[in-house]
There are 2 protein chains.
Amino acid sequence: MSASTEFIKKLRDSGLRPTKQRIKICEILFNSEKTFHFSINKLVKLIKKNSNEKISLATVYNTVHAFKKKGYLKEISINSMQSFFDTNTSNHHHFYNLDNKELIDIHDHEVEPIKINKEIPGKRIKSIELLVKIENKN
Amino acid sequence: MSASTEFIKKLRDSGLRPTKQRIKICEILFNSEKTFHFSINKLVKLIKKNSNEKISLATVYNTVHAFKKKGYLKEISINSMQSFFDTNTSNHHHFYNLDNKELIDIHDHEVEPIKINKEIPGKRIKSIELLVKIENKN
DNA sequence: GTGAATGCAAAGGCTTTGCACGAGT
DNA sequence: ACTCGTGCAAAGCCTTTGCATTCAC
């Protein structure tokens with residue numbers, strides 16, 4: 001079974017019509033073994049590089065949000081001006097390299113379990129996200 | 001010594017001219033014993049409520065960024081659409097209440113020390129930020 | 001055929017910029 | 001006086017929206 005066929009199935013199974021554009025974006029995001037981080041901007045560039053026909057910006061936004069909603073992508077926000085999406089949706093954390101503005105994964109098993117000694121009545125923890133900013137030693 | 005006098009000194013000491021606008025914003029942000037979280041939007045509203053003369057939006061942005069640069073404010077980013085400033089610049093973490101979109105402090109001593117078993121060659125850790133998203137139990 | 005998705009351009013929200021005017025030293 | 005800060009409106013950037021067209025089922 002080709003990769004595209006899988007994506008078509010995956011899309012259909014999650015209630016998203018497997019359009020040409022969505023399949024293309026799947027191929028770009030999910031074809032590699034390795035997961036990676038991207039901004040909308042970078043994704044648009046990848047699409048341009050990867051394909052002769054362009055995908056409308058609105059469609060790129062729609063698709064990324066649809067994928068995020070379905071849980072195929074995770075958003076990592078650095079600050080009001082910078083936000084990334086991550087094709088790795090498993091539980092994990094990030095280094096943020098201040099010098100080149102890139103993210104590096106920290107796998108869950110690379111962090112000692114985080115214990116918070118504070119509770120908010122009536123609330124439950126939905127997620128714990130650790131962002132470790134790093135910079136060059138001198 | 002009045003609070004204003006202190007602010008004037010503090011501003012001058014950090015190389016910021018103690019203008020009427022900056023003093024006003026200091027009064028709003030740093031007069032209370034308690035620290036708090038705010039968005040630019042909320043700050044603008046506080047200024048309106050607190051003062052008869054308005055401060056230009058550009059000045060509010062300039063001032064907040066100047067204060068952040070001087071280390072009097074810390075920025076906490078939730079996602080690409082939401083970012084807060086914190087008058088508490090000490091080492092600490094946050095709960096983010098998904099239901100009402102508000103931040104709650106988690107003091108450093110309320111979290112067991114975070115240990116990361118991963119190093120990036122040539123890099124040093126600048127900061128560790130924990131964001132714990134919480135929601136209503138059912 | 002019908003509803004969903006796409007593409008385009010326009011609109012929107014938030015933030016920054018440019019420049020003349022005003023205020024602090 | 002000189003420089004820095006402010007205010008305003010305009011420009012910018014990123015994202016969303018509206019609507020006609022196209023596509024999947």
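Throughout, a chain's letter reflects where its sequence line sits, starting with A, and its residues are numbered from 1. Note: hydrogens, waters and symmetry copies are ignored here, and every other heavy atom, side chains too, is used.
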Worksheet item: Which residue pairs pass the ring-ring contact (aromatic ring centres under 6.0 Å, His included) test when at least one of the two sits in residues 118-138 of chain B, sequence neighbours left out?
Response: none
Worksheet item: How would you list all residue pairs meeting salt bridge (Lys or Arg N to Asp or Glu O under 4.0 Å) that involve residues 84-103 of chain B, not counting sequence neighbours?
Response: A:K123-B:D99
Response to the item:
DNA chain D: first to last nucleotide in contact with chain A (atom under 4.0 angstrom from a heavy atom), 5' to 3', is D:dC14 to D:dC25
Worksheet item: Roughly how many Å is it from CD1 in B:I40 to P in C:dG13, rounded to a whole number?
Response: 17 Å
Discussion item. Closest-nucleotide mapping onto DNA chain D: is B:Q21 or A:H65 further toward the 5' terminus? I mean the 5' end.
Written reply: B:Q21
Fill in: Pairs flagged by salt bridge (Lys or Arg N to Asp or Glu O under 4.0 Å) wherever residues 53-67 of chain B is involved - sequence neighbours left out
B:K20-B:E53
Item to complete: Not counting sequence neighbours, which residues clear ring pair (Phe, Tyr, Trp, His ring centres under 6.0 Å) with B:H107? List them please.
Response: B:H109
Worksheet, complete the sentence: Within residues 49-57 of chain A, those residues having any heavy atom closer than 4.0 Å to DNA chain C are A:K54, A:I55, A:S56
Worksheet entry | Contacts of type ring pair (Phe, Tyr, Trp, His ring centres under 6.0 Å), residue B:F38, not counting sequence neighbours | B:F36, B:F85
Worksheet item: Looking at residues at least two apart in the chain, or sitting in another chain, which of them share a side-chain contact (heavy atoms from CB on, under 4.5 Å) with B:K137?
Response: A:R124
Practice prompt. Consider only side-chain N and O atoms of A:S14 and A:Y72, and report whether a donor and an acceptor are under 3.5 Å apart.
Written response: yes
Fill in: Of A:K10, A:K9, A:R17, the residue whose pairing with A:D13 passes salt bridge (Lys or Arg N to Asp or Glu O under 4.0 Å)
A:K9
Fill in: Those residues that, when tested against A:Q82, pass side-chain hydrogen bond (donor to acceptor under 3.5 Å, both in side chains) (two or more places apart)
A:Y96
Worksheet entry | Interatomic distance, B:E75 CD vs C:dC14 C1' [rounded to whole Å] | 13 Å
Worksheet item: In whole Å, what is the span from the NZ atom of A:K70 to the C1' atom of C:dA5?
Response: 14 Å
Hey, what are the protein-to-nucleotides 20-25 of chain C N/O distances that come in under 3.5 Å?
| residue | atom | partner | partner atom | Å |
| --- | --- | --- | --- | --- |
| C:dT25 | OP1 | B:R12 | NH1 | 2.6 |
| C:dT25 | OP2 | B:R12 | NH1 | 3.2 |

Discussion item. Strictly by salt bridge (Lys or Arg N to Asp or Glu O under 4.0 Å), give each pair with a member in residues 22-46 of chain A just once, sequence neighbours left out.
Written reply: A:K24-A:E27
Fill in: Value in whole Å for how far the P atom of C:dA5 lies from CD1 of A:I25
13 Å
Worksheet item: With sequence neighbours left out, what residues match B:K68 under side-chain hydrogen bond (donor to acceptor under 3.5 Å, both in side chains)?
Response: B:E75
